[in-house]
Engineer: 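I have a structure here, written as C-alpha cells, and I will follow up with some questions on it.
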Number of protein chains: 2
Amino acid sequence: MEKIYSLRAEIFKALSHPIRLKIVECVSIGEKGVGEIVKCVNAEASNVSRHLALLKKAGILSDRKEGLNIYYRLEIPCVMDFFSCVNKVVKTRLELNRDLLKKI
Amino acid sequence: MEKIYSLRAEIFKALSHPIRLKIVECVSIGEKGVGEIVKCVNAEASNVSRHLALLKKAGILSDRKEGLNIYYRLEIPCVMDFFSCVNKVVKTRLELNRDLLKKI
DNA sequence: TGACTAATTGGTAAAGTTATCAAATAGTAA
DNA sequence: TTACTATTTGATAACTTTACCAATTAGTCA
C-alpha cells in the first residue's frame with residue numbers, strides 16, 4: 001500500500017510545473033496540435049515536447065497522430081476541478097503576504 | 001500573469017511526494033501532533049519535519065504550538081477533493097498497464 | 001529522389017530535491 | 001542548575017529535473 005502513494009504523488013508532480021499547468025489549461029478547451037500548444041505556453045518547442053511527453057506518461061494527456069501533426073487532449077478532465085481549490089490556496093498565501101507587508 | 005502559474009505549480013509540487021500525501025491524509029481527520037504524524041507516515045522524524053515545513057510554506061498546513069508539542073492541521077480542506085480524481089488517473093494508468101501485460 | 005515541415009530525442013550543465021545523521025533549539029520539570 | 005523530551009536545523013552526498021541547442025525521425029509533396 002506504499003506504492004499507491006507514490007503513484008498518486010506522480011500525478012501531482014506531473015502538474016507541478018508552470019509550463020505544464022499552462023498546457024493543461026490550453027488543451028482543456030479541446031484537443032490541440034503541438035504547434036498551437038507551443039504558442040499557447042510561449043516556450044521552446046523542444047521544451048514543450050518534453051513537458052507533453054511527461055503529462056502523457058502520467059496519464060493526464062493522450063495524443064493522436066494525423067499526418068505530420070500530433071494532437072494532444074486532456075484525458076482526465078477532472079483535473080480542471082483542482083484549479084479552483086489551488087487558487088484558493090494561492091489567494092490565502094498572497095493575503096498572508098499582504099498582511100505581513102503591512103507590518104513592516 | 002506568468003507568476004500565477006508558478007504559484008499554482010508550487011501547490012502541486014508540495015503535494016508531489018508520497019510522504020507529504022500521507023501527512024495530508026493523516027491530518028485531514030483532524031489536527032495532529034508531530035509525534036503522531038511521524039507514526040502515521042512511518043518515516044524519520046527529521047525527514048517528516050522538513051516535509052511538514054514544506055507543506056506549511058505552501059499554505060496547505062498550519063501549525064500551533066502547545067508546550068513542547070507542535071500541532072499541524074489542514075489549512076485548506078478542499079485539497080482532499082483532489083484525491084478521487086487522482087485515484088481515477090492512477091486507476092486508468094494501472095488498467096493500461098494491465099492491458100499491455102496481456103499482450104506479452 | 002530531395003526539400004520541406006512538425007515534432008521528438010541526445011547530450012549536457014545548472015539548479016533543485018531528498019534522506020540521513022549529528023547538532024541545536026526550546027519547553028518542562030526535578 | 002541538570003536532565004529530559006519534542007521538534008527543527010545544518011551539512012552533505014546522491015539523485016532528479018530542467019532548459020538549451022543540435023541532431024534526428026517521420027510524414028508530405030514536388
Side-chain angles (χ1 to χ4, degrees), chain A residues 2-3 5-24 26-27 30-75, chain B residues 2-3 5-24 26-27 30-75:
Chain A
E2 171 62 37
K3 178 108 195 205
Y5 287 93
S6 300
L7 285 168
R8 284 179 190 155
E10 269 185 66
I11 312 300
F12 287 111
K13 192 181 269 176
L15 294 168
S16 73
H17 191 285
I19 289 181
R20 293 198 291 272
L21 287 183
K22 277 194 198 170
I23 290 173
V24 168
C26 179
V27 303
E31 188 184 68
K32 285 222 168 58
V34 175
E36 282 180 282
I37 299 170
V38 167
K39 275 181 208 150
C40 208
V41 308
N42 195 34
E44 215 196 314
S46 69
N47 196 5
V48 172
S49 178
R50 278 191 223 275
H51 286 299
L52 285 168
L54 199 153
L55 284 165
K56 184 186 161 191
K57 185 158 172 269
I60 295 164
L61 301 186
S62 62
D63 65 346
R64 173 178 78 80
K65 208 165 188 173
E66 195 181 301
L68 264 181
N69 300 280
I70 299 179
Y71 296 92
Y72 283 86
R73 72 163 190 280
L74 194 52
E75 185 69 11
Chain B
E2 171 64 35
K3 179 105 194 208
Y5 287 93
S6 300
L7 286 167
R8 286 180 189 155
E10 267 185 67
I11 312 301
F12 287 111
K13 194 181 268 176
L15 294 168
S16 73
H17 192 286
I19 290 182
R20 293 198 290 271
L21 287 182
K22 277 194 197 169
I23 290 173
V24 168
C26 179
V27 304
E31 188 183 67
K32 286 220 167 57
V34 176
E36 282 180 281
I37 297 170
V38 166
K39 276 180 207 148
C40 209
V41 308
N42 194 35
E44 215 195 313
S46 68
N47 196 5
V48 172
S49 177
R50 279 191 223 276
H51 287 299
L52 285 168
L54 200 153
L55 284 164
K56 184 185 161 192
K57 186 158 171 270
I60 296 165
L61 302 185
S62 62
D63 65 346
R64 174 178 78 80
K65 208 165 188 175
E66 194 181 302
L68 262 181
N69 301 280
I70 299 179
Y71 297 92
Y72 282 87
R73 73 164 190 281
L74 194 53
E75 185 68 11

Engineer: Quick one: list whatever passes side chain to side chain contact (heavy atoms under 4.5 Å, CB included) with B:Val27, sequence neighbours left out.
Structural biologist: B:Lys32, B:Ile37, B:Leu61, B:Leu74
Engineer: Any donor and acceptor pair, going by atom type alone, linking the side chain of B:Arg20 with main-chain N or O of B:Ala14 inside 3.5 Å?
Structural biologist: yes
Engineer: Need two values: the first and the last nucleotide of DNA chain D, 5' to 3', having an atom under 4.0 Å from any heavy-atom of chain B.
Structural biologist: D:dT5 to D:dA11
Engineer: For A:Asn47 and C:dG11, give me the distance from atom CG to atom C1', rounded to whole Å.
Structural biologist: 15 Å
Engineer: Can you tell me the distance, in whole Å, between the NZ atom of B:Lys13 and the P atom of C:dG16?
Structural biologist: 9 Å
Engineer: How many Å lie between NE2 on B:His51 and C1' on C:dT20, as a whole number?
Structural biologist: 12 Å
Engineer: What is the distance, rounded to the nearest whole Å, between atom CG of A:Leu55 and atom P of C:dA7?
Structural biologist: 16 Å
Engineer: Please determine whether a side-chain nitrogen of the Lys or Arg among A:Arg64 and A:Glu66 lies less than 4.0 Å from a carboxylate oxygen of the Asp or Glu.
Structural biologist: yes
Engineer: Take the protein atom CD1 of A:Ile70 and the nucleotide atom P of C:dA6, then report the distance between them rounded to whole Å.
Structural biologist: 12 Å
Engineer: Please state whether the phosphate of C:dA6, meaning OP1 or OP2, lies under 4.0 angstrom from any side-chain nitrogen or oxygen of A:Tyr71.
Structural biologist: no
Engineer: Rounded to the Å, how far apart are B:Leu54 CG and C:dA19 P?
Structural biologist: 11 Å
Engineer: Restricting to non-hydrogen atoms, name the atom on A:Ala45 and the atom on A:Val38 that form the minimum distance, rounded to 0.1 Å.
Structural biologist: CA-CG2, 4.0 Å
Engineer: Using the closest heavy atom to pick a nucleotide of DNA chain D for each, name whichever of A:Ser16 or B:Tyr72 lands nearer the 5' end.
Structural biologist: B:Tyr72
Engineer: For B:Arg50 and for A:Arg20, find the nucleotide of DNA chain D with the closest heavy atom, then tell me which residue's nucleotide is more 5'.
Structural biologist: B:Arg50
Engineer: Give the rounded distance in Å between these two atoms: CD1 of A:Ile23 and P of C:dA7.
Structural biologist: 13 Å
Engineer: Looking only at heavy atoms, what is the nearest atom pair of B:Leu21 and A:Ala9, with distance?
Structural biologist: CD1-N, 3.4 Å
Engineer: A:Ser16 side chain to A:Lys13 main-chain N or O, any donor-acceptor pair under 3.5 Å?
Structural biologist: yes
Engineer: Look at the side chain of A:Glu36 and the backbone N and O of A:Gly33, then say whether any donor-acceptor pair between them is shorter than 3.5 Å.
Structural biologist: yes
Engineer: Within the pair A:Asn69 and C:dA6, is there a side-chain N or O less than 4.0 Å away from OP1 or OP2?
Structural biologist: no
Engineer: For the pair made of CD in B:Glu66 and P in C:dA26, what is the distance, rounded to whole Å?
Structural biologist: 19 Å
